[in-house]
There are 2 protein chains.
Amino acid sequence: MAQKETVERILDAAEVLFAERGFAETSLRTITSAAGVNLAAVNYHFGSKKSLIQAVFVRFLDPLVDEIERQLNQLQAEKERLTVEDLLQVLTSSVYEIHGRGSNRATSFMRLLGLAYTQSQAHLRKFIGERYGNAFQHYASHLKPALPGATAADLFWHTHFALGTAIFTMSNFDALRAMSENDTGERTPVDFIVSRLTAFMAAGLHNAAHE
Amino acid sequence: MAQKETVERILDAAEVLFAERGFAETSLRTITSAAGVNLAAVNYHFGSKKSLIQAVFVRFLDPLVDEIERQLNQLQAEKERLTVEDLLQVLTSSVYEIHGRGSNRATSFMRLLGLAYTQSQAHLRKFIGERYGNAFQHYASHLKPALPGATAADLFWHTHFALGTAIFTMSNFDALRAMSENDTGERTPVDFIVSRLTAFMAAGLHNAAHE
DNA sequence: GTCTATAACGCGATAGAC
DNA sequence: GTCTATCGCGTTATAGAC
């Protein structure tokens, strides 16, 4: 019980701090002092900083991929062929379902996902690829029938274009919203941004089938 | 002459190494030893690591924004209203014009631009915003007449969606191409990716005007 | 203008007491 | 399981010789 509490406190603090600053820029000293635990606790419970980083990802990715899988199966039971819009909807509603609509954790999560791609943490990309590669392949396999004209190369590239759009937007979410507020004088609601984002991605993806 | 050579050697090495590993992960020791100069030379010529990072960006952004400006003016002399496709074409051909078609420097450049957004270097984003903000605004101002139905908020968000798509793709260019080669067994030509990318962005941007 | 040598510091990790 | 104390290393930056 005391153990579990310490582990959870470390994960909570690490998740927020990593999302704010990145991995290399967040020291174990910062994490442990924010969590109110001893510096040695991270190495005791997780073994290393790398393992801690991986544990942060497991804690939010495991439930998320389960939820995505669940929604995919449910939707497939209702209709035989899923549309691009269906598939994008599954992603957003899964994130909402797991982390709560508009919560800080949802944006933290997207920012971490962005960092996983862009920061040089080879161990992390390897780990994520090994643990979640199958789930990603399964999700991507639904895109093929949804975009009938597309070749395999089209699918690969357009999928990653869309992934990039989402990851970039979400991982710079706060900075972009601040810029937008500065430009237009209005604070854009999260739902507006998400719906525009998915529309942008859907338009780009559909473009794959038309060439 | 000896000085200029040292400065250039440092910039050359730093540009490549930053693009490969990121800023925090590249030490001055690595840069100076790759450049074949003394460790102290960076602090002597640039003052600090932060200033070196900024100098790397200035060296390739200054000529690029000049070239973009030149092409914009030239195109505007030929036709009164520029299309979205025109504007995207200006970007890609400017990069090609400055750094050479398919050169390593062009991909280095995009990767660095991606890092500028995603790595936590607040000083760099501030510096870029101050030095190139006007040029960005000028370029973006051409988008408004190209997308007649869009509101100011539409424009802001769709522009940054497209920017994100490009930055994410280019900054992960090598990794994505390796994945694609692994998937399909073929090495995708750069031109194919760039043309698909711009088509994806154009489709997403046009979508802004239709809602 | 460029070098060597080193200061001053923060980092991850661990040994050993409790 | 948690603590203190510390090791060993890598970092940026600088002082001073040449």
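Lettering of chains follows the sequences in order, A, B, ..., and the numbering in each one begins at 1.
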To the nearest angstrom, the CZ-P distance between B/Arg9 and C/dT2 comes to 11 Å
Is the phosphate of D/dT11 approached by B/Ser27 (side-chain N or O, under 4.0 Å from OP1 or OP2)? yes
Specify the separation, in whole Å, of atom CD1 of B/Ile10 and atom P of D/dA13. 13 Å
B/Lys49 NZ - D/dT12 C1' separation (whole Å): 8 Å
Report all interatomic pairs (protein N or O, nucleotide N or O of nucleotides 14-18 of chain D) with separations under 3.5 Å.
none

Given salt bridge (charged side-chain N to carboxylate O under 4.0 Å, His left out), test B/Arg59 with B/Asp12 step by step and report yes or no. CA-CA 10 Å; B/Arg59 191 172 63 148; B/Asp12 288 342; 2.9 Å; yes
Taking atom types as modelled and ignoring hydrogens, do the side chains of B/Tyr132 and B/Asp62 form a donor-acceptor contact shorter than 3.5 angstrom? yes
Rounded off to whole Å, could you give me the CZ-to-C1' distance for the B/Phe46 and C/dG1 pair? 14 Å
If we ignore angles and hydrogens, is there a donor and acceptor under 3.5 Å between the side chains of B/Gln89 and B/Glu85? no
Using the rule given for salt bridge (charged side-chain N to carboxylate O under 4.0 Å, His left out), can you reason through A/Glu181 versus A/Arg177, listing the C-alpha separation, both sets of side-chain angles and the distance that settles it, and then say yes or no? CA-CA 6 Å; A/Glu181 192 171 355; A/Arg177 205 143 83 129; over 6 Å; no
B/Ile31 atom CD1 is separated from D/dT11 atom C1', nearest whole Å, by 12 Å
According to a strict under-4.0 Å criterion, is B/Thr6 in side-chain N/O contact with OP1 or OP2 of C/dG1? no
Separation of D/dG10 atom C1' from A/Glu25 atom CD, nearest Å, is 16 Å
Please state how far atom CG in B/Leu28 lies from atom P in C/dT6, giving the value in whole angstrom units. 20 Å
Rounded to whole Å, CG of A/Leu52 lies from C1' of C/dA13 at a distance of 14 Å
Any donor-acceptor N/O pair under 3.5 Å between C/dG12 base and A/Arg29 side chain: yes
Tell me, do A/Phe173 and A/Val190 make a side-chain contact under 4.5 Å, heavy atoms counted? yes
Determine whether the side chains of A/Asp154 and A/Thr151 contain a donor N or O and an acceptor N or O closer than 3.5 Å. yes
Ring-plane angle category for B/Phe60 and B/Phe109, please: parallel below 30°, perpendicular beyond 60°, tilted otherwise. perpendicular
